[in-house]
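Take this structure first; my questions come after.
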Amino acid sequence: MQQGTLQYRVPYADTDQMGFVYYGNYLTYFERARNELMRANGFTYKELEALGVGLPVIEANAKYHRPAKYDDELTICATLEEIGGVRLKVACQVKRGDELLTEGWTRHCFIDLKTGRPVRAPEQLLEVFSN
């Protein structure tokens, strides 16, 4: 199972009037973890874009169990669930210690950056994630 993990301390700017992390910020956390997933497996978004390929989100899901708050130390983990054809799916979890706060996933489509049309996953990326 391919994973990427990062530690993140919640800044005040991430919170709402109730003192909780604003719900929309969790998708940003998912993105940060996806970047770490790619980097941990030896292939970055920058390298993907150099191949002329983009990876926009086409679907997202988040289930909120408990709120994170200002100054919480979070562990954000992304796990590759599916890759093949023109799509990729990444599952994510946000934890405070052993406590699961939020879980969800994002689905992506590989696109040609010039045309915006779907393309197959680059062989270089498939090789990285097949190890």
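Throughout, numbering of the chain's residues begins at 1 and tracks the sequence.
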### Task
For the pair N41 (side chain) and L37 (backbone), establish whether a donor and an acceptor sit closer than 3.5 Å, ignoring hydrogens and angles.
yes
### Message
Please enumerate all residues that pass side chain to side chain donor-acceptor pair (under 3.5 Å) together with T102, with sequence neighbours excluded.
### Response
none
### Pairs where residues 56-80 contributes a residue and the test ring-ring contact (aromatic ring centres under 6.0 Å, His included) is met, not counting sequence neighbours
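Sorted result for residues 56-80: Y12-Y70, Y26-Y64.
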### Query
Residues in salt bridge (Lys or Arg N to Asp or Glu O under 4.0 Å) with E73, at least two apart?
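Checked E73 against salt bridge (Lys or Arg N to Asp or Glu O under 4.0 Å); matches are R9.
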### Query
Taking only residues two or more places apart in sequence or in another chain, which ones pass side chain to side chain donor-acceptor pair (under 3.5 Å) with R96?
D72, E99
### Message
Please tell me whether L6 and L80 are part of a single hydrophobic cluster in this structure, the criterion being side-chain heavy atoms less than 4.5 Å apart.
### Response
no
### Task
Go through the structure and list residues passing side chain to side chain donor-acceptor pair (under 3.5 Å) with T28, not counting sequence neighbours.
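By the side chain to side chain donor-acceptor pair (under 3.5 Å) rule, T28 matches no residue at all.
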### Message
Taking salt bridge (Lys or Arg N to Asp or Glu O under 4.0 Å) as the cut-off, I'd like each qualifying pair that reaches into residues 28-42, sequence neighbours left out, listed once.
### Response
none
### Query
Taking atom CG of L125 and atom CE of M38, what is their separation to the nearest 0.5 Å?
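It comes to 5.0 Å.
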#### Entry: Residue pair L74 / L101, side-chain heavy-atom distance below 4.5 Å
yes
### Message
Is there a side-chain contact between T15 and K69 in this structure, where contact means two heavy atoms from C-beta onward sitting under 4.5 Å apart?
### Response
no
### Query
Looking at residues at least two apart in the chain, or sitting in another chain, which of them share a side chain to side chain donor-acceptor pair (under 3.5 Å) with T44?
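Counting only residues at least two positions away or on another chain, T44 forms a side chain to side chain donor-acceptor pair (under 3.5 Å) with E47.
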### Message
Rounded to the nearest 0.5 Å, what separates atom CD1 in I83 from atom CG in L126?
### Response
5.0 Å
### Message
Do F43 and F129 land in one hydrophobic cluster if side-chain heavy atoms of ILVMFWY residues count as linked below 4.5 Å?
### Response
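In one cluster with F43: F129, yes.
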### Message
Quick test of your reading: applying salt bridge (Lys or Arg N to Asp or Glu O under 4.0 Å), list the pairs with at least one residue in residues 109-120, sequence neighbours left out, ordered by first then second residue.
### Response
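Non-adjacent pairs meeting salt bridge (Lys or Arg N to Asp or Glu O under 4.0 Å): zero.
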Distance-only check: which donor-acceptor pairs under 3.5 Å involve side-chain atoms of residues 85-95, not counting sequence neighbours?
none

### Query
Sequence neighbours excluded, which residues qualify as ring-ring contact (aromatic ring centres under 6.0 Å, His included) partners of Y23?
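ring-ring contact (aromatic ring centres under 6.0 Å, His included) list for Y23, sorted by chain: empty.
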#### Entry: Flag side-chain contact, heavy atom, 4.5 Å: Y45 against N35
yes
### Task
Please report the shortest heavy-atom distance between I76 and A33, naming the atom on each side.
CG2-CB, 3.6 Å
### Task
Provide the full list of ring-ring contact (aromatic ring centres under 6.0 Å, His included) pairs with a residue in residues 89-117, sequence neighbours left out, each pair given once.
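Not a single pair qualifies under ring-ring contact (aromatic ring centres under 6.0 Å, His included).
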Can I get a per-line list of side-chain donor-acceptor pairs under 3.5 Å for residues 52-63, giving both atom names and the distance, sequence neighbours left out?
{"residue": "E59", "atom": "OE1", "partner": "R107", "partner atom": "NE", "Å": "3.3"}

